[in-house]
Q: 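Here it is, the structure in full.
Just so we're on the same page: letters track the sequence lines, and every chain starts at 1.
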Number of protein chains: 2
Amino acid sequence: MAEASDTKERILDTAERLFAERGLGQTSLRQITSQAEVNLAAVNYHFGSKQGLIKAVLGRRLEPLNRERIRRLDRLERAGELTLEGLIEAFIGPPLELSRDGGGGSRFVRLMGRTYTEHASFLHDHMRQANEGLVSRFKPAFRQVLPDLPKGELYWRLHFMVGVMSYVMAGNDMMQVLAASRSANPDEPREIIRRVVPFLVGGLRAPLPPELQEEASEAGTTEVAAGSG
Amino acid sequence: MAEASDTKERILDTAERLFAERGLGQTSLRQITSQAEVNLAAVNYHFGSKQGLIKAVLGRRLEPLNRERIRRLDRLERAGELTLEGLIEAFIGPPLELSRDGGGGSRFVRLMGRTYTEHASFLHDHMRQANEGLVSRFKPAFRQVLPDLPKGELYWRLHFMVGVMSYVMAGNDMMQVLAASRSANPDEPREIIRRVVPFLVGGLRAPLPPELQEEASEAGTTEVAAGSG
DNA sequence: GTCTATAAGTCGATAGAC
DNA sequence: GTCTATCGACTTATAGAC
């Protein structure tokens, strides 16, 4: 597990690293194969095309990652301990913890963060499909721990939550602009989780602005009935 | 102002649009000049290089945009009405409102959102420098309206705020995955501001987790003295 | 499965005519 | 200030020897 020995995994590991560092479009197959010390033609032999390689790089870690998130949600529910804090940690904890893995995990997490903003259409479809099961599992759970939030408003706020998560995952260092002297290392995942969970709890639990209060009374009626039927 | 007539502005307008749609690296000068209906060599004549063009596209709107944000902050302070809500709106309102501009404004905002995750080193330096005055003006204002937040914690939370902002600005449509039936149009900037401000207020005002409470007592002593002296 | 060689196309940048 | 033509380097992908 420490070193990839055969050609296929050497390509995957190197591609993962370079894609995360430079982006998908800026990374050529030549850069990948020369750094992986394999032949250029091996990529097309093993993955068919560059698109095939990209999908393989993403799928290799995304599937177990989402399984782990769902596993944590299952555990919360079975223990009867479904709280907003726990739910957020189940959702953003696994990807952030993966970045502690000194190996490819941290690269993959950065790549995932970038993927949300990189707009290749095939990639968009691929990520949507890959996250479908995850979303359909977590959405009702968030509804349950935030019962007073109108459905429409909940989606907005989950949207904002994903924004924070993907930004943090992409490893953006706007932090260095904000803070001349930093007390904490923003690359330490436990540190990030500790800081970001209260922020997200506060945001998700924020009171509705006055002009949106009316919608709150509809929350339990219109759309909920359709969604759970 | 409605239509750019001369070559230089046609290039800027077209480049702005294509950069926002496809990213900087994925957009070639040939695509820009053919859609702008100008000669390929005009880019190098007017801007020297592709990098020069990118900087020109960003600078054209970023400077007036940041002036407007600072102007709004000035007005809040002079009126003695500096609240957290107002401060957030002064910071994120102008870029989001710019997307209402049917013309290039909306493209530029998307480009800005993407710029935070696109890691060309020259771009990174350029954006940092372009935002320096903005940050140094807003940072103490946030300190003032959040006096109980330890300095280190404040930077984390501003970091998260920028994450939400850039994600929304980039026009990511993860929303469409989350919500099968949408009640609101996520592209309408007033709508976004109305939803995101309470979320950010809640996040920025969130209570500290127990293990971080100790740092709170130091907030008014150590670093503040150095910062305001 | 791994290699060489190459096809067929794109890229940014520039020289030089007008 | 605008054009054509082109350089040299790069790209993905593939055909075919071993």
Q: Angle, rounded to 10°, between the helical axes spanning five pairs at each terminus of the helix from C/dG1-D/dC18 to C/dC18-D/dG1?
A: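 One end axis against the other gives 10°.
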Q: Which residues satisfy the salt bridge (Lys or Arg N to Asp or Glu O under 4.0 Å) test with A/Glu97, sequence neighbours excluded?
A: A/Arg72, A/Arg190
Q: If I take atom CG in residue A/Leu18 and atom P in nucleotide D/dT11, what distance separates them, rounded to the nearest angstrom?
A: 12 Å
Q: Under 4.0 Å between a side-chain N or O of B/Thr7 and OP1 or OP2 of D/dG1?
A: no
Q: So A/Arg61 and A/Asn66, do their side chains get closer than 4.5 Å, heavy atoms only?
A: no
Q: Can you name the residues that form a ring-ring contact (aromatic ring centres under 6.0 Å, His included) with A/Phe138, not counting sequence neighbours?
A: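 Residues passing ring-ring contact (aromatic ring centres under 6.0 Å, His included) with A/Phe138: A/Phe91.
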Q: Going by the rule side-chain hydrogen bond (donor to acceptor under 3.5 Å, both in side chains), which residues pair with B/Arg71 if we only count those two or more places apart in sequence or in a different chain?
A: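 With sequence neighbours excluded, B/Arg71 shows a side-chain hydrogen bond (donor to acceptor under 3.5 Å, both in side chains) to B/Glu68, given in chain and number order.
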Q: Let me have a per-nucleotide readout for nucleotides 7-18 of chain C, 5' to 3', with B, S or -, counting only protein heavy atoms under 4.0 Å.
A: ----BBBB----
Q: Using whole Å, what does the distance between atom P of nucleotide C/dT2 and atom NZ of A/Lys8 come to?
A: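 Value for this atom pair: 11 Å.
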Q: Rounded to whole Å, how long is the line connecting atom CG of B/Asn39 with atom P of D/dT2?
A: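 Checked: the CG to P distance equals 9 Å.
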Q: Could I get the full list of ring-ring contact (aromatic ring centres under 6.0 Å, His included) partners for A/Phe19, not counting sequence neighbours?
A: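 Per chain and number, A/Phe19 pairs via ring-ring contact (aromatic ring centres under 6.0 Å, His included) with no residue.
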Q: Can B/Asp74 and B/Arg137 be counted as an ion pair, charged N to O under 4.0 angstrom?
A: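 Salt bridge between B/Asp74 and B/Arg137, a charged N being under 4.0 Å from a carboxylate O: yes.
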Q: Rounded to whole angstroms, how far apart are CD1 on A/Ile32 and P on D/dT11?
A: 10 Å
Q: For side chain to side chain contact (heavy atoms under 4.5 Å, CB included), just list the numbers for B/Leu84 and B/Phe142, CA-CA rounded to whole Å, side-chain angles, deciding distance to a tenth of an Å, and then say yes or no.
A: CA-CA 7 Å; B/Leu84 179 56; B/Phe142 274 104; 3.9 Å; yes
Q: Calculate, to the nearest 0.5 Å, the distance between atoms CD and CG belonging to B/Gln35 and B/Leu18 respectively.
A: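 Taking CD in B/Gln35 and CG in B/Leu18, the distance rounds to 4.5 Å.
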